[in-house]
Protein chains: 4
Amino acid sequence: MTAFETTRPLRFGDCDPSGIAYFPSYMNMLVGVTEDLFAEVGFPWPRLARERNLTTPTVRLDVTFTRPGIEGDTLAWRCAVVRIGRTSLDLRHEVAAAEPLWRAEQRLVATMHDTRRPVPWPNDLRLALEPYHG
Amino acid sequence: MTAFETTRPLRFGDCDPSGIAYFPSYMNMLVGVTEDLFAEVGFPWPRLARERNLTTPTVRLDVTFTRPGIEGDTLAWRCAVVRIGRTSLDLRHEVAAAEPLWRAEQRLVATMHDTRRPVPWPNDLRLALEPYHG
Amino acid sequence: MTAFETTRPLRFGDCDPSGIAYFPSYMNMLVGVTEDLFAEVGFPWPRLARERNLTTPTVRLDVTFTRPGIEGDTLAWRCAVVRIGRTSLDLRHEVAAAEPLWRAEQRLVATMHDTRRPVPWPNDLRLALEPYHG
Amino acid sequence: MTAFETTRPLRFGDCDPSGIAYFPSYMNMLVGVTEDLFAEVGFPWPRLARERNLTTPTVRLDVTFTRPGIEGDTLAWRCAVVRIGRTSLDLRHEVAAAEPLWRAEQRLVATMHDTRRPVPWPNDLRLALEPYHG
């Protein structure tokens with residue numbers, strides 16, 4: 001079992017006047033990587049919303065920034081499933097350039113789009129995520 | 001002693017296709033509120049960088065989202081100094097609309113702009129932040 | 001008759017590694033100022049969408065950047081109604097700090113939220129916008 | 001001679017509460033595509049700033065939005081050199097999903113990083129851009 005891996009360029013527009021990555025841009029990328037994980041396992045978010053009435057808001061996020069990302073870096077991104085609860089999903093993101101830069105623990109909750117209430121993960125989605133335990 | 005308080009509108013552009021706040025936009029606001037705290041105590045970031053060679057990158061961030069923010073909400077923001085270490089600063093952000101929405105613990109580190117190494121907080125800045133223990 | 005006027009801080013997070021305003025951040029502000037104009041005249045966008053099934057997408061935007069905005073600038077923003085067509089609305093944005101920085105001509109179109117087709121502006125909204133011819 | 005072509009996903013985080021692309025996110029992508037063009041021709045921006053003291057701010061931007069982009073679209077992006085002036089560079093961006101969505105005319109100006117004054121394009125950079133006349 002292995003994590004979902006991808007890369008992201010650290011662009012001019014992601015960096016701040018002190019010349020390093022602006023962390024809210026990292027958070028925007030993190031949402032995009034989580035989105036890519038769901039697409040990778042066959043449940044792209046637009047279809048999940050349309051066909052299952054399901055969204056996946058984040059309820060908890062713990063981030064540790066170890067080294068600054070520099071404009072022009074290629075970020076190697078590793079996103080692993082840590083635990084699939086009844087309605088929750090815990091992911092671990094590890095982001096490195098030449099060296100590790102930062103990591104995040106993220107908890108999502110399966111949520112009905114219309115009522116905004118938690119629901120158990122559908123079984124097929126749960127099974128599709130299983131292989132990404134990192 | 002009292003926290004720094006401000007408000008932020010939750011705009012159309014801060015919300016996502018599911019109709020609620022997009023959390024990376026919250027993080028962008030959070031940086032702006034921290035920036036406002038430094039300006040409030042007399043040390044705006046551009047001057048801190050120019051005159052003291054000092055930047056304040058975030059090294060740790062723990063966020064709990066309790067309720068979704070809705071487009072059009074006015075966010076009541078409370079930012080309190082939790083602890084001023086030798087080189088670190090711990091802040092607590094509490095954000096509410098009609099009810100509490102989310103909270104964050106943020107650690108900044110006083111950092112030399114050119115060398116990117118931690119330095120002790122200047123004494124005048126430390127004294128200026130003291131009253132904002134919440 | 002007079003334009004809608006407001007201010008915006010040019011924050012750390014709006015600036016790029018070359019130390020000046022990142023223009024996509026300006027565009028985000030521009031949408032927010034247009035949003036504020038609609039709220040000012042009594043038609044906030046969330047209610048417009050909910051009660052009138054109306055959204056106001058931008059179909060044309062011409063921007064001229066004359067001088068760079070600098071981190072810490074306070075932007076004086078002037079947004080004037082240039083012309084209210086049957087389904088279109090032309091706005092002119094003028095943004096200055098100590099001196100004029102940039103200006104934009106923006107065309108919005110009244111659009112049904114569900115069908116995404118243009119519709120004539122409701123008469124009460126048209127009347128409410130009239131005083132802001134600049 | 002042929003334009004620079006690339007693709008961009010239209011992500012959840014690029015879309016707004018009305019379910020379509022938020023145009024300031026398009027502008028952020030546009031800067032990234034221009035950045036990719038410069039890297040493609042051998043002059044990545046971080047090196048251009050460091051080794052040639054050169055930045056490329058945008059001074060003019062005219063955008064026409066024809067159809068809304070929808071969450072999940074893959075954007076086919078075409079960026080062509082229209083004209084290389086002494087200090088200016090005119091680019092045309094054309095963005096399509098199943099059908100054309102929007103287009104932009106962008107003018108950049110070669111600018112000294114420290115003085116913020118226009119300078120003629122270096123000859124090697126000019127030659128490298130020539131093949132991308134679209």
Side-chain angles (χ1 to χ4, degrees), chain A residues 13-35 44-50 52-70 88 93 100-118, chain B residues 13-35 44-50 52-70 88 93 100-118:
Chain A
D14 299 315
C15 294
D16 69 28
S18 70
I20 64 173
Y22 182 58
F23 84 75
S25 286
Y26 276 155
M27 297 302 103
N28 186 42
M29 289 181 203
L30 181 147
V31 175
V33 168
T34 304
E35 184 179 3
W45 284 355
R47 211 165 69 204
L48 212 51
R50 200 172 50 239
R52 308 279 184 109
N53 186 30
L54 204 74
T55 61
T56 61
T58 294
V59 298
R60 178 85 199 164
L61 190 71
D62 298 330
V63 198
T64 305
F65 302 97
T66 310
R67 287 182 190 80
I70 310 294
S88 67
H93 298 262
L101 300 184
W102 60 280
R103 54 186 291 151
E105 310 283 330
Q106 177 190 20
R107 172 166 287 183
L108 314 170
V109 169
T111 301
M112 300 297 278
H113 181 44
D114 47 11
T115 64
R116 291 190 183 130
R117 301 185 71 103
Chain B
D14 300 315
C15 295
D16 68 29
S18 70
I20 64 173
Y22 182 59
F23 84 75
S25 287
Y26 276 156
M27 297 303 103
N28 187 41
M29 291 181 201
L30 180 146
V31 175
V33 169
T34 304
E35 184 178 3
W45 284 354
R47 211 165 69 205
L48 212 50
R50 202 171 49 240
R52 308 280 184 110
N53 187 30
L54 205 74
T55 62
T56 61
T58 293
V59 297
R60 178 87 200 161
L61 188 72
D62 298 330
V63 198
T64 304
F65 302 97
T66 311
R67 286 182 191 81
I70 309 294
S88 67
H93 298 263
L101 299 183
W102 60 280
R103 53 186 290 150
E105 310 284 329
Q106 179 191 19
R107 173 165 288 183
L108 313 170
V109 169
T111 301
M112 300 296 277
H113 181 43
D114 46 11
T115 65
R116 292 192 182 129
R117 301 183 71 101

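A note on names: the letters A, B, ... follow the listed sequences, proteins ahead of strands, and every chain is numbered from 1. Note that the structure is predicted; figures quoted are calculated from it, not measured.
Proximity to chain A (any heavy atom under 4.5 Å) is shown, for Tyr26(B), by neither the backbone nor the side chain. Only the side chain of Thr55(A) comes within contact range of chain B, with at least one heavy atom under 4.5 Å from a heavy atom of that chain. With a threshold of 4.5 angstrom between heavy atoms, Pro68(A) approaches chain B through side-chain atoms but not through N, CA, C or O.
Annotation: maximal heavy-atom pairing with chain B below 4.5 Å, among Met29(A), Met27(A), Arg107(A), occurs at Met27(A). Chain A forms the most heavy-atom pairs under 4.5 Å with one residue out of Thr64(B), Thr66(B), Leu61(B), and that residue is Leu61(B). Interface check for chain B: of the options Trp102(A), Trp45(A), Tyr22(A), the most heavy-atom pairs under 4.5 Å are formed by Tyr22(A).
Gly13(A) approaches Ser25(A) most closely through the heavy-atom pair O-OG, 4.1 Å.
Between the side chain of Thr111(A) and the backbone N or O of Val109(A), at least one donor-acceptor pair lies under 3.5 Å. The closest donor-acceptor contact from the side chain of Asn53(B) to the backbone of His113(B) lies under 3.5 Å. Judged by distance alone, the side chain of Arg67(A) and the main-chain N or O of Pro100(A) form a donor-acceptor pair under 3.5 Å.
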Derivation of the side chain to side chain contact (heavy atoms under 4.5 Å, CB included) call for Arg60(A) and Asp62(B): CA-CA 8 Å; Arg60(A) 178 85 199 164; Asp62(B) 298 330; 3.7 Å; yes

